[in-house]
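All of these numbers come straight from a predicted model, not from anything done at the bench.
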Amino acid sequence: MSLSVMKGWDSRRWEALVGISCVALGLASATAAALLQRQPKGCSAISGEGLLGVLPKLWAAIRKHKFLDEVTQMHEKEGNTIFLQFGILRFFVTPLVITRDARNVEYMLKQNFENYPKGEFFSLIAHDLLGNGIFNVDGEDWIMQRKTASLMFTANRFKNHIWRVVQKNCGKVLDLLRAHDGDVDMFNILNRFTLDSIGEIGFGASIGSLENAGSPFLTSFDEAQRSLFWRFMFPGWRLLRFLGLGFERKARTHFKTLKEYSRQIILDLSQNLDTEAGDSFVGLFMKSDPSLSADFLTDMVLNFLLAGRDTTAQAMSWCLFLLMQSERVQEKVRSEISEVCGAEGIDYEKLNKLRYLDATLRESLRLYPSVPLDAKFVANADTLPDGTHVPRGAALLYMSYAMGRSQEIWGSDASEFRPERWLEMETTKSPYENPVFHAGPRECLGKRLAMVEMKGMLCALIGNFNFRLAVPPETILPDAQLTIGMSSGLRCHVEPL
Ligand code: HEM
């Protein structure tokens, strides 16, 4: 606009221009103030370099299978609570705070539980896979599911039904290994073991993956989880999903395969409710409320598959990985098994006597917690015990992986695999210092089932075979999923004893 034109303006035009500018300025500063209020304070901000802040560094780490170590190093350098900054995106995406301070973990999981639900951050990301299942809901919906699911874990069911299924599937794994020639991928076999076990215990289904490994369901299950993990790390995922691009391109097909498979399980189960299948996890839900919709029951199947298959198979695989690098510990586990089980073999009562095996499993879960990072939503702005201010709507994550490697919690030998530490401890660590099974009101419901499956299987494996890694240990890499898989599998030499 030239000066001569402006000279022709009357005072009303000037007033309007000044008025509009003031409103615009006011709006801009109010928006900036509101956006600034959304930023966490009182913890270390990891700003990274460049326009997208720390995001490119995290993406690169995920591609190199180093994501968990990268974030653990950030904790080592910057402190127990960190705020990941995403450069120019930071005013538009959910602020992400990660803590490994046990006081904060106890506060968010127990003392101020109501303020830290799963919330929309997690449930939006996971809805395509988990729907309205127990992992993905809060409030009344969660209480109802938790109550009914708890009925599943009675002492009687463990002793009879659950232990029988575990034993039968352990036998199938031993047969597979005896018949096998050459190296085997134990990660693959252990996933098939836990899948068949949770199929039978959870919804009375004979999945039969130990007999037939090539199921499209298995691939889709892994791929679907990988997509969910990327959603956490890629703020524009909803646009990608809408356009069907990038990692979202194939995700749609995988989610569909899983839903169809689970729906078929529900259909079969509904026709067999008066058999033993009716006492399975999902069978109990169907009997407790016959009006439950097929969609809801399908969600339940996928939730229990996620809970029951991956976590436990991964925990056993990492345990085996560590045992193969410590001949001493493998031998010690074996001699305890032979002492406790003798010639008659294992039974349910003997499981509790395998104290060194128990310590070995806890030690490997410390170093490789199946759920390495767990996210909650901040319902109302709050200040954590370490002084961090978390704004309403932020995501607050606790990182079991970094906690398990923290010298502050475990001492100077934190990085060492030493099961003896569990037998030497005068007081065991609280579940908030070692939240591998979560803690507080939402503590893992399947903890006991997992320990029974893992002890039964490892007892069978170590008691009958010697295991050696068939590849260099540095080629075994953690996978970027919601749980801590092995992208490379676990190739082993297996020698009968
Ligand atoms: C080594 C094995 C396992 C580990 C490390 C583990 C760990 C966990 C963790 C960290 C959570 C909290 C997840 C979250 O906040 O979303 C959880 C929840 C849960 N787990 Fe496990 N889990 C294991 C095995 C199992 C098994 C075998 C089952 C059996 C079905 C199971 C059933 C559940 C259920 C139902 C929940 C949800 C509890 C709730 O929200 O109230 N878990 N588990």
Could you verify whether a donor N or O on one side chain and an acceptor N or O on the other, from Ser487 and Asp479, lie under 3.5 Å apart?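 Side chains of Ser487 and Asp479: no pair found under 3.5 Å.
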For the residue pair Asn160 and Tyr348, confirm or rule out a side-chain donor-acceptor distance under 3.5 Å.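 Per modelled atom types, Asn160 and Tyr348 side chains form no pair under 3.5 Å.
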Quick test of your reading of the model: are [X] and [Y] salt-bridged, counting only N-O distances below 4.0 Å?
| X | Y | result |
| --- | --- | --- |
| Glu408 | Arg100 | no |
| Glu200 | Lys168 | yes |
| Arg355 | Asp358 | no |
| Glu223 | Lys250 | no |
| Arg263 | Asp295 | yes |
| Glu420 | Lys332 | yes |

Can you tell if the side chain of [X] reaches within under 4.5 Å of the side chain of [Y], non-hydrogen atoms only?
| X | Y | value |
| --- | --- | --- |
| Leu458 | Val333 | no |
| Ser150 | Arg146 | yes |
| Met457 | Glu453 | no |
| Phe221 | Leu302 | yes |
| Cys492 | Met324 | yes |

Going by the rule side-chain hydrogen bond (donor to acceptor under 3.5 Å, both in side chains), which residues pair with Lys118 if we only count those two or more places apart in sequence or in a different chain?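 Checked Lys118 against side-chain hydrogen bond (donor to acceptor under 3.5 Å, both in side chains); zero matches.
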Just by modelled atom types, is the [Y] backbone N or O under 3.5 Å from a matching donor or acceptor in the [X] side chain?
| X | Y | result |
| --- | --- | --- |
| Ser488 | Thr475 | yes |
| Thr194 | Leu190 | yes |
| Arg252 | Arg241 | yes |
| Lys350 | Gly345 | yes |

Would you please indicate if the ring centroids of [X] and [Y] are separated by under 6.0 Å?
| X | Y | result |
| --- | --- | --- |
| Phe135 | Phe122 | no |
| Trp237 | Phe234 | no |
| Trp230 | Phe67 | no |

Begin from the C-alpha positions of Arg366 and Glu433 and carry the test salt bridge (charged side-chain N to carboxylate O under 4.0 Å, His left out) through to its verdict. CA-CA 10 Å; Arg366 173 180 76 83; Glu433 290 168 295; over 6 Å; no
Check step by step if side chain to side chain contact (heavy atoms under 4.5 Å, CB included) holds for Asp196 and Arg309. CA-CA 8 Å; Asp196 285 3; Arg309 183 195 79 139; over 6 Å; no
NZ (Lys429) with more than 12 external heavy atoms under 6.0 Å: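 Atom NZ in Lys429 is packed in, count exceeds 12.
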Six-ring centre of Trp410, Arg405 cation under 6.0 angstrom, axis tolerance 45°: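 The answer is no, since Arg405 fails at least one limit relative to Trp410.
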Lys NZ or Arg CZ of Arg448 over Phe158 ring: under 6.0 Å, within 45°: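 The answer is yes, since Arg448 meets both limits relative to Phe158.
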Atom of [X], atom of [Y] and distance for their closest heavy-atom approach:
| X | Y | answer |
| --- | --- | --- |
| Val137 | Gln145 | CG2-NE2, 3.8 Å |
| Leu354 | Cys459 | CD1-SG, 4.1 Å |
| Ala460 | Leu174 | O-CD2, 3.7 Å |

One pair to check against salt bridge (charged side-chain N to carboxylate O under 4.0 Å, His left out): Glu106 and Lys110. What are the steps and the verdict? CA-CA 6 Å; Glu106 180 162 7; Lys110 188 173 80 170; 3.5 Å; yes
Pair Glu424, Arg421 - check salt bridge (charged side-chain N to carboxylate O under 4.0 Å, His left out), show working. CA-CA 5 Å; Glu424 291 161 5; Arg421 80 175 74 236; over 6 Å; no
Stepwise salt bridge (charged side-chain N to carboxylate O under 4.0 Å, His left out) test for Asp138 and Arg442: CA-CA 10 Å; Asp138 295 300; Arg442 282 193 96 139; 3.2 Å; yes
All pairs passing ring-ring contact (aromatic ring centres under 6.0 Å, His included) where residues 293-316 contributes a residue, at least two apart: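 Qualifying pairs, neighbours excluded: Phe281-Phe304.
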